[in-house]
Amino acid sequence: MTYPHESDNGATTVSWPYGTEETLRAPISEGGSTPRALVLGATGYIGGRLVPRLLAGGYRVRTLSRTAVRIHAMPWAPDVEIVEGDASDADAVDAAMADVDIVYFLVHSMTSGSDYGQLDRAIALNVALHAARHKVGRIVYLGGLHPDGVELSTHLASRKEVGDILLASATPTVILQAGVVIGSGSASFEMIRHLTEVLPYMPAPKWVLNYIQPIAVRDVVYYLLAAARAGTSVNRAFDIGGPDVFRYSQMMNGYAVQAGLPQRHIAALPVLTPRLASHWVGLVTPVPRQIARPLVESLLHTCVVKNDDIDAFIPPPEKGLTGYGAAVRLALGRIEVDKVETSWVDTRIANVPSDPMPSDPEWAGRTVFQDSRSRDSGANPNEVWNVVSEIGGATGWYSASILWAARGALDRLAGGIGSQRGRRSYSEPAVGDAIDVWRVEKVEVGRLLRLRAEMKVPGKAWLELGVEPTDTGSRYWQRAVFFPRGLTGRLYWLSMLPFHGLIFSGMVNRIVTEAESASVVADPKPREA
């Protein structure tokens with residue numbers, strides 16, 4: 001498969017670095033083979049960007065994923081080996097490590113619950129053990145930038161502990177310690193973006209006065225690629241960061257400059273604890289509390305690069321590291337052309353339904369509630385599908401916007417993810433993508449979009465939206481399916497029936513109307529009888 005490079009308008013999928021650069025390409029052995037890289041966290045924000053570039057550079061890539069379905073949804077899936085399993089499972093890691101030269105450790109468990117540090121420790125020990133058993137040549141770990149000699153936040157302490165475990169293993173390990181990563185779709189960038197855009201005046205925690213050193217996501221990927229080619233004798237951690245050092249408040253106003261917004265007035269308040277601040281961030285931004293709190297805790301420290309030792313190991317990019325302003329402009333540009341490669345919104349959240357919807361025959365003998373609706377249209381199926389594929393996010397749900405917003409707000413208050421999460425792409429849903437309070441479970445382009453609810457409900461819920469061709473145009477259909485849990489689930493469904501009447505009937509009518517309007521614009525000439 002050929003991976004397209006970035007054009008002048010940034011409209012392709014893969015931007016710099018491409019992996020094809022001479023200094024980043026896979027070395028070829030005397031026998032003519034190239035190294036095999038195992039990527040742990042291949043569907044994550046960084047891993048999803050690293051894999052296509054490793055492939056473009058000639059590496060043989062293997063992935064370990066809890067579900068192969070998510071990997072199969074990636075455009076590069078046909079070019080990788082897939083091992084299904086969890087990084088904490090010894091048998092799965094053992095199978096994935098066979099004949100591997102380089103392991104990229106890009107997983108973390110901060111969304112898995114309050115004990116995520118224990119899980120990360122178990123994964124690190126598991127990886128270290130099996131890397132040594134299979135005589136892996138190198139581990140490359142992306143850790144967190146942190147100061148020395150202070151009590152670290154839970155998040156940063158966990159990242160440091162994972163690094164220490166890997167450094168103490170029998171496998172040479174390179175740790176790249178990065179701070180705030182700036183790029184389209186990164187949780188840190190989305191926090192900055194929404195805080196700045198929403199609030200002209202900001203009562204903020206006192207950590208907004210701490211100094212941090214952001215780094216562009218493209219530079220993080222560059223260092224990861226380059227680390228695979230560096231000497232195998234190195235076993236240590238390196239700090240990496242961009243060329244700019246700012247207070248966090250200066251970063252927000254730096255974003256305002258690039259976005260064409262007025263400067264924001266920011267007041268640092270000593271009374272906002274990390275817990276309160278994470279709730280505050282959760283209300284103002286789409287980043288849920290499960291992700292916001294570890295990020296907020298990481299900002300309690302001044303985190304800047306302590307030395308430039310990395311330069312002797314991996315030279316900086318030929319054109320230099322990306323400045324903060326340029327990184328923000330690049331991120332906004334990718335969002336504008338709907339070419340965000342990976343996004344935090346697709347992060348797995350703990351304690352939400354993950355089982356696929358049972359097939360209809362399996363419903364026999366089970367309590368299940370449905371709301372099914374359809375409408376014929378003169379629009380062709382492609383026009384209807386285009387409307388369906390853009391649902392959620394900035395587009396909304398085509399009906400009862402206030403009710404959808406209220407439901408999302410209630411979910412956020414109950415500790416759920418809420419409806420502000422949005423979506424990675426405006427118009428190209430893929431299996432595993434998040435769309436507001438839903439997760440894409442199945443996509444048949446032009447025919448079917450199935451969404452699984454990740455909101456807090458007493459049961460399991462799905463929403464299907466489909467298109468069928470007819471002799472006169474198309475038929476749009478949709479189906480809400482709910483498997484209740486106990487009496488509470490049954491009462492929940494009954495209480496929602498009046499709202500379903502407004503929401504789902506409105507969706508059917510508006511989706512068809514939007515498709516027919518697009519059809520008229522595309523073909524303004526009246527059709528012959």
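All residue numbers refer to positions in the sequence shown, counting from 1.
Rounding to the nearest 0.5 Å places CG of Asp219 at 11.5 Å from CD1 of Ile182. For the atom pair CD1 of Ile123 and CG of Asp86, the computed distance is 6.0 Å after rounding to the nearest 0.5 Å. Atoms CZ and NE2, on Arg373 and His500 in that order, are 9.5 Å from each other to the nearest 0.5 Å.
Using a 4.5 Å cut-off on side-chain heavy atoms (C-beta onward), Ile46 and Val217 make contact. Contact check for Val384 versus Val512: no side-chain heavy atoms found under the 4.5 Å cut-off. Leu497 places a side-chain heavy atom less than 4.5 Å from the side chain of Leu494. Between Tyr104 and Leu38 there is no side-chain heavy-atom pair separated by less than 4.5 Å. No side-chain heavy atom of Lys456 sits under 4.5 Å from any side-chain heavy atom of Leu410. The shortest side-chain heavy-atom distance between Ser474 and Asn380 does not fall under the 4.5 Å cut-off. At a threshold of 4.5 Å between non-hydrogen side-chain atoms, the residues Leu106 and Tyr45 do not count as touching. Thr513 is not listed as a side-chain neighbour of Tyr398, based on a closest heavy-atom distance of 4.5 Å or more.
With no hydrogens or angles considered, a side-chain donor-acceptor pair links Thr367 and Arg490 at under 3.5 Å. Side-chain atoms of Glu197 and Tyr255 form a donor-acceptor pair, as typed in the model, at a separation below 3.5 Å. A donor atom on one side chain and an acceptor atom on the other are not found under 3.5 Å apart for Ser65 and Arg70. A donor-acceptor pair shorter than 3.5 Å can be found between the side chains of Ser377 and Glu516. Residues Asn386 and Ser427 bring no donor and acceptor atom of their side chains to less than 3.5 Å of each other.
Checking side-chain atoms of Arg62 against main-chain N and O of Val83 turns up no donor-acceptor pair under 3.5 Å. Here the side chain of Arg439 pairs no donor or acceptor atom with the backbone of Glu454 at under 3.5 angstrom. Listed for the Ser389 side chain is a donor-acceptor partner under 3.5 Å among the backbone atoms of Trp385. Remark: the backbone N or O of Thr342 is paired with a side-chain donor or acceptor of Arg49 at under 3.5 angstrom. For Tyr141 (side chain) and Arg159 (main-chain N/O), a donor-acceptor pair under 3.5 Å exists by modelled atom type. Between the side chain of Asp371 and the backbone N or O of Phe504, no donor-acceptor pair lies under 3.5 Å. A side-chain donor-acceptor contact under 3.5 Å links Ser399 to the backbone of Ile503. Formation of a donor-acceptor pair under 3.5 Å by the Thr395 side chain with backbone atoms of Glu390 is found in this model. A donor-acceptor contact shorter than 3.5 Å links the side chain of Asp436 to the backbone of Gly422. In terms of modelled atom types and a separation under 3.5 Å, the side chain of Glu468 and the main chain of Arg475 share no donor-acceptor contact.
Residues that satisfy the salt bridge (charged side-chain N to carboxylate O under 4.0 Å, His left out) test with Arg447, not counting sequence neighbours, are Glu444. By the salt bridge (charged side-chain N to carboxylate O under 4.0 Å, His left out) test, Arg450 is found to be paired with Glu441, Glu464, residues two or more places apart in sequence or in another chain being considered.
Closest approach of Val440 and Leu451 over heavy atoms only: CG2-CD2, 3.8 Å. The shortest non-hydrogen separation linking Phe482 to Pro458 is CZ-O, 3.5 Å.
The aromatic rings of His108 and His155 stand perpendicular to each other, their planes meeting at an angle above 60°, with 30° marking the opposite boundary. Using bins of under 30°, 30° to 60° and over 60° for the plane-to-plane angle, the ring pair Trp404/Trp397 lands in the parallel bin.
Within the 6.0 Å centre-distance limit, the rings of Trp462 and Phe483 are counted as a close aromatic pair.
Taking 4.0 Å as the cut-off between side-chain N and carboxylate O, Asp89 and Arg66 do not count as a salt-bridged pair. The pair Glu341-Arg53 meets the salt-bridge criterion, with a side-chain N (NZ, NE, NH1 or NH2) lying under 4.0 Å from an Asp/Glu carboxylate O.
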_Go through it in stages, so that I can follow the logic: the residues are Arg193 and Ile335, the test is side-chain contact (heavy atoms from CB on, under 4.5 Å), and I'd like the CA-CA distance, side-chain angles, deciding distance and then a yes or no._
CA-CA 12 Å; Arg193 183 161 79 103; Ile335 294 170; 4.1 Å; yes
*Could you walk me through whether Trp477 and Val508 pass side-chain contact (heavy atoms from CB on, under 4.5 Å), step by step?*
CA-CA 7 Å; Trp477 61 270; Val508 171; over 6 Å; no
*Please test Leu502 against Leu403 for side-chain contact (heavy atoms from CB on, under 4.5 Å), starting from the C-alpha separation and ending with a verdict.*
CA-CA 9 Å; Leu502 292 172; Leu403 294 178; 4.2 Å; yes
